[in-house]
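Here's the structure, in C-alpha cells; my notes come after.
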Amino acid sequence: MSTHAPRLPKVGERLQPFLLVVPFTAVITGWFNLSEALPVPLAVVIGASWGVVLGLLGIWVKRSMRLRAGLEDIVVAAGVVAVAFAACGGLAFLLTFGGALGMR
C-alpha cells in the first residue's frame, strides 16, 4: 500500500477537455451549422457554450473509470451507425441523382 498523498491534477490536465472541445464545437456548431439561421457572432457564442457543456461532461466522465469504459463502447457504436448512415445517404443520393439525369 502506498503512503503517498494523492496527486492533484495540474491545471493543464483539468482544462484539457475544454481546450479540445470548445474551439472545435464553436467552429463546427456555431459557424457551419447555426450561421445560416443566426448572425455569425451569436452562432459562435452558442457553439462555444455547447463546447463548455461538453467539456464539463468530459471532466465528469474522466473521474469514473467504469463510466469511461461504458461510454467508450457507446461512442464507438454511435460512430459506426453514423458512418453507415452517411454511406447509405451517399449511395441513395448517387442513385437518385443518376436517375434524375437519366443515367443508369
Side-chain angles (χ1 to χ4, degrees):
M1 209 179 219
S2 177
T3 59
H4 298 287
R7 178 180 72 83
L8 292 174
K10 296 178 184 174
V11 175
E13 291 175 2
R14 287 187 305 228
L15 291 178
Q16 186 178 14
F18 293 104
L19 296 175
L20 294 172
V21 172
V22 172
F24 184 75
T25 56
V27 170
I28 299 298
T29 303
W31 203 333
F32 294 129
N33 296 339
L34 295 176
S35 65
E36 293 178 8
L38 299 170
V40 173
L42 180 62
V44 170
V45 167
I46 291 172
S49 61
W50 176 241
V52 168
V53 169
L54 290 177
L56 289 172
L57 182 66
I59 288 175
W60 179 66
V61 167
K62 194 174 180 181
R63 292 182 183 169
S64 169
M65 188 62 97
R66 173 184 264 174
L67 184 62
R68 192 183 321 176
L71 283 176
E72 281 180 13
D73 295 338
I74 292 171
V75 168
V76 169
V80 168
V81 170
V83 168
F85 277 134
C88 290
L91 178 63
F93 168 76
L94 290 175
L95 292 174
T96 305
F97 191 66
L101 293 178
M103 299 178 345
R104 290 181 148 213

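Side chains included, hydrogens not; waters and symmetry mates left out as well; all remaining heavy atoms used. Quick caveat: nothing in here was measured; it's all calculated off a predicted structure.
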Members sharing Phe85's hydrophobic cluster (side chains within less than 4.5 Å): Val81
Side chains of residues 45-58: which donor-acceptor partners sit under 3.5 Å, not counting sequence neighbours?
| unit_1 | atom_1 | unit_2 | atom_2 | d |
| --- | --- | --- | --- | --- |
| Ser49 | OG | Val45 | O | 3.3 |
| Ser49 | OG | Ile46 | O | 2.7 |

Using a 3.5 Å cut-off and no angle test, enumerate the donor-acceptor pairs between side-chain atoms of residues 70-77 and protein atoms at least two apart in sequence or in another chain.
none

side-chain contact (heavy atoms from CB on, under 4.5 Å) involving Pro39 - partner list, sequence neighbours excluded: Pro41, Leu42
For Val27, all residues meeting side-chain contact (heavy atoms from CB on, under 4.5 Å), sequence neighbours excluded: Phe32
